[in-house]
Amino acid sequence: RRPYDGGGGGQRPEKRGRTTELSAVEVNVRRLRQYIITNDGLEDHLTQLVEVLKHEIPVFANQIANTILACASEMPLKTGTYATLVGLLNVEHHTFVADLVAAALATLSQGLREEEGASIDSSASEGSEGGGVSLPPPTAPAGTPLALHQARLLLRFIASLVGVNVVEVGAFLRVLRQLVREAAPPPSEDPPAEDPDHPKGEPSDVPSPASWQPRGDFLLYCT
């Protein structure tokens with residue numbers, strides 16, 4: 001490689017491509033994530049956080065909602081803090097809170113359908129390259145798939161939203177009734193032996209107790 005010869009008026013040509021500087025948007029998003037993740041739930045600190053978020057929701061609604069949901073599903077000791085935060089935001093931002101609750105219910109449904117591996121996406125709340133505050137790595141009790149454990153925590157968060165007048169009691173009871181119905185065992189009727197599509201001795205499409213029982217037990221445990 002030849003050394004730079006000083007051409008071009010004595011200035012090095014500007015390098016293009018990578019940059020290590022964060023844009024103003026990225027800086028603001030990182031700041032909001034830090035405020036949400038590290039909030040300790042004290043009244044004054046929650047009030048300050050609400051004042052910050054209510055001015056940023058028109059621009060960063062998705063990022064704020066995703067961070068709150070990720071915190072609720074990964075930091076069980078602060079469930080009440082984030083439920084209270086959502087309740088305070090609901091005073092002035094009904095549409096934002098309604099969308100957040102809808103996203104929570106959709107994520108809950110998806111998590112309960114997952115048997116292995118999948119988990120609630122917390123990428124929206126992780127620090128960007130170069131540092132920043134991020135959520136602790138998600139964990140689950142031994143023998144419980146991570147997605148199901150996070151779904152249980154999310155259900156507890158939704159239950160807490162009843163206490164701050166965000167979710168109606170009747171609506172939450174409908175969710176619980178649906179979980180109980182899904183926990184019921186599937187029909188156990190055996191196919192007719194003379195049916196050529198189900199010869200005798202071949203397994204039917206009906207799940208065995210070993211396949212549905214653990215999930216049914218977990219749904220009842222959540223309820």
Side-chain angles (χ1 to χ4, degrees), residues 32-58 60-114 118-125 135-136 138-140 144 146-183 218-223:
L32 293 174
R33 291 171 182 164
Q34 179 175 350
Y35 288 164
I36 296 171
I37 294 171
T38 61
N39 192 273
D40 55 13
L42 294 178
E43 182 177 353
D44 290 345
H45 295 171
L46 267 177
T47 302
Q48 294 171 9
L49 179 58
V50 170
E51 288 298 315
V52 171
L53 295 184
K54 71 180 184 181
H55 295 297
E56 302 289 356
I57 283 175
F60 301 112
N62 289 337
Q63 293 90 333
I64 293 171
N66 289 340
T67 302
I68 291 174
L69 291 180
C71 290
S73 65
E74 297 183 23
M75 294 194 288
L77 296 180
K78 298 175 70 174
T79 299
T81 295
Y82 294 111
T84 303
L85 172 62
V86 173
L88 293 173
L89 291 174
N90 192 46
V91 175
E92 296 186 22
H93 293 279
H94 306 291
T95 301
F96 167 79
V97 171
D99 291 342
L100 184 147
V101 173
L105 291 171
T107 305
L108 171 65
S109 178
Q110 178 182 355
L112 291 176
R113 288 196 302 268
E114 298 290 345
S119 62
I120 295 172
D121 181 12
S122 61
S123 59
S125 63
L135 290 170
T139 59
T144 302
L146 179 60
L148 294 182
H149 176 64
Q150 291 182 312
R152 182 177 69 86
L153 296 180
L154 198 55
L155 179 63
R156 187 168 71 174
F157 171 68
I158 296 171
S160 298
L161 294 180
V162 175
V164 294
N165 298 319
V166 170
V167 174
E168 294 183 355
V169 176
F172 183 66
L173 289 178
R174 287 193 293 272
V175 173
L176 296 182
R177 282 196 293 267
Q178 180 62 31
L179 293 180
V180 172
R181 284 195 294 267
E182 292 187 10
F218 184 83
L219 291 177
L220 292 179
Y221 171 66
C222 290
T223 304

| request: Decide side-chain contact (heavy atoms from CB on, under 4.5 Å) for R177 and R174; before the verdict, give the C-alpha distance in whole Å, the side-chain angles of both, and the deciding distance to 0.1 Å. | output: CA-CA 5 Å; R177 282 196 293 267; R174 287 193 293 272; 3.2 Å; yes

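- Rounding to the nearest 0.5 Å places CD1 of I57 at 11.5 Å from CG of N62.
- The CG atom of L100 lies 12.5 Å from the OG1 atom of T95; values are rounded to the nearest 0.5 Å.
- With a 4.5 Å cut-off on side-chain heavy atoms, L53 and L32 count as touching.
- Separation of atoms CD1 (I64) and CG (L49) is listed at 9.0 Å; rounding is to 0.5 Å.
- Partners of E43 according to the side chain to side chain donor-acceptor pair (under 3.5 Å) rule, which considers only residues two or more places apart in sequence or in another chain, do not exist here.
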| Evaluation steps, side-chain contact (heavy atoms from CB on, under 4.5 Å), between V86 and V164 | CA-CA 8 Å; V86 173; V164 294; 5.8 Å; no

| task | Evaluate the criterion side-chain contact (heavy atoms from CB on, under 4.5 Å) for residue pair L85 and N39; output intermediate values, then yes/no. | result | CA-CA 10 Å; L85 172 62; N39 192 273; over 6 Å; no

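- Taking both residues in full, the closest heavy atoms of I68 and I36 are given as CG1-CG2, 4.1 Å, listed atom of the first, atom of the second, then distance.
- Listed by chain and number, the residues in a salt bridge (Lys or Arg N to Asp or Glu O under 4.0 Å) with E56 are R31 (sequence neighbours excluded).
- Nearest heavy atom pair, residue A151 against residue L108, reads O-CD1, 3.2 Å.
- Looking only at distances, no side-chain donor or acceptor of K54 sits under 3.5 Å from a matching main-chain atom of L88.
- Atoms CG and CD, on L154 and E74 in that order, are 11.0 Å from each other to the nearest 0.5 Å.
- What you find for I37 and C71 is that their closest heavy atoms are CG1-SG, 3.8 Å.
- Scanning all heavy atoms of the two residues, the minimum distance from T79 to A72 falls at OG1-O, 4.5 Å.
- Side chains of F157 and L69 form a contact here, defined as non-hydrogen atoms less than 4.5 Å apart.
- Summarising the geometry of S73 relative to Q150, their closest heavy-atom pair is O-CG, 3.6 Å, with the distance given to 0.1 Å.
- Under a 3.5 Å cut-off, the side chain of Y82 and the backbone N or O of A70 do not form any donor-acceptor pair.
- Without hydrogens or angle criteria, S109 side chain to A106 main chain gives no donor-acceptor distance under 3.5 Å.
- F172 approaches A159 most closely through the heavy-atom pair CZ-CB, 3.4 Å.
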| task | Could you check L155 against V175 for side-chain contact (heavy atoms from CB on, under 4.5 Å), going step by step and ending with a plain yes or no? | result | CA-CA 9 Å; L155 179 63; V175 173; 4.2 Å; yes

